[in-house]
Each structure stands twice: as C-alpha cells, then as structure tokens.
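Predicted, not measured: the structure shown is a model, and the values here were computed from it. No hydrogens, no waters, no symmetry mates; every other heavy atom, side chains included, goes into these values.
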Amino acid sequence: MNRRLAHIALVVNDYDEAIEFYTKKLNFSLVEDTRLSETKRWVLVSPGGTDSCNLLLAQAADDEQKSRVGNQTGGRVFLFLHTDDFAREYQNLVKQDIKIIRKPSEEEYGTVAVFEDLYGNLWDLIEPKKMTER
C-alpha cells in the first residue's frame, strides 16, 4: 500500500495575505490558485521537496471558522517543517522578522526551533539528525 498525506487545510483570514506570507517569507511555492466560486479558492502552497505535503489555504467562511484562525490545535505546535539546512532556514526567519517562540536547541532527534506564522500558529523548524548520528 502506498499512501501519504497530500494536503493539510490551514484556516486563514485572507487568501492573498496568506499566499504572500508563505511564498515571500517562508519561501514556499504557490502550487495552485484556482477560483471555485465568488468567495472560495483552491490555494495550495508547498515547502518543496520530494512528495512534500502541501498546505491548503482555506479562507475562513463564517464566525466558527474565523475563531479557529491561528489556533487550530489549542496552542500546541501544529506544523513541523523539516529542512536539510537549519542555519539557512533559521536565518531566513530572523531576516523576515518572523516571531521566534523558542530559540534553537539540540535535541535527541535534531536541531529545532519554534516559530509563529502570521496568524499565530506554532511551527517546529527541524533539521533531523541522520540515523547514524542518533
């Protein structure tokens, strides 16, 4: 069986401001932006890499959804961005004035820092240790 997560829906306030943040500040690629109706679009952004899971940016459509923007997991880290060059990615976060919640640390599994996206969702930036380093 060959299965994988293809997309994760991320509730956002506005399609265009979310696209701007993820493509300009985090260097994601805009994979697709298709208008489905007057108010709904299918917007996918990708961090890149082989078989990368995409974020589906879903603009909040009602008060219930708006209440979830920035807090889809009740304040826990929500998304985990793996990299092969922690220093490069961390310096980009600093350069882009992205809020760092927890400074870099060396853990058993790799180097990690926690940052906040434009809505307050928490992300782990991780450069995993190679299996031989553990």
Side-chain heavy atoms of Leu79 within contact of Asn121, under 4.5 Å: no
From Leu56, Ile19, Asp117, Leu57, residue fulfilling side-chain contact (heavy atoms from CB on, under 4.5 Å) relative to Val12: Leu57
Smallest separation among heavy atoms of Thr83 and Pro128, with atom names: O-CD, 3.7 Å
From NE2 (His7) to CG (Leu44), nearest 0.5 Å: 5.0 Å
Hphob cluster co-occupancy, Val43 + Val69, side-chain heavy atoms under 4.5 angstrom: yes
Nearest atoms (heavy-atom pairs only) where Arg4 meets Ser52: NH1-O, 4.1 Å
Salt bridge (charged side-chain N to carboxylate O under 4.0 Å, His left out) contacts in which one or both residues fall within residues 69-86, not counting sequence neighbours: Asp84-Arg88, Asp85-Arg88
Pairs involving residues 54-64, ordered by first then second residue, that meet salt bridge (charged side-chain N to carboxylate O under 4.0 Å, His left out) (sequence neighbours left out): Glu64-Arg68
Closest non-hydrogen atom pair, Phe78 against Ala9: CZ-O, 4.3 Å
Qualifying ring-ring contact (aromatic ring centres under 6.0 Å, His included) pairs, either residue in residues 51-70, two or more places apart: none
Set of residues satisfying ring pair (Phe, Tyr, Trp, His ring centres under 6.0 Å) with respect to Phe115, sequence neighbours excluded: Trp123
For Arg35, side-chain hydrogen bond (donor to acceptor under 3.5 Å, both in side chains) partners two or more places apart: none
Mutual orientation of the aromatic rings belonging to Tyr22 and Phe28 [parallel < 30°, tilted 30-60°, perpendicular > 60°]: tilted
Path from Leu118 to Leu81 over hydrophobic side-chain contacts below 4.5 Å: yes
Atom pair CG (Leu125) and CZ (Phe80), whose distance is rounded to the nearest 0.5 Å: 12.0 Å
Modelled atom types, side-chain donor and acceptor of Tyr119 and Glu17, under 3.5 Å: yes
Gln59 side-chain N/O to Tyr15 backbone N/O, donor-acceptor pair under 3.5 Å: yes
Interatomic spacing from CG in Leu10 to CD in Gln72 - rounded to 0.5 Å: 5.0 Å
Validation row: Glu20, Asp14 side chains within 4.5 angstrom (heavy atoms): no
Heavy atoms of other groups near Leu5 CG, more than 12 under 6.0 Å: no
Glu127 side, atom CD; Glu107 side, atom CD - distance, nearest 0.5 Å: 14.0 Å
Separation of Glu116 CD from Arg102 CZ (nearest 0.5 Å): 14.5 Å
Leu30 side, atom CG; Asn54 side, atom CG - distance, nearest 0.5 Å: 10.5 Å
Cluster overlap Val77 with Ile126, hydrophobic side-chain contacts below 4.5 Å: yes
Would you mind writing out the side-chain donor-acceptor pairs for residues 89-100 within the sub-3.5 Å range, not counting sequence neighbours?
residue	atom	partner	partner atom	Å
Asn92	ND2	Lys25	O	2.7

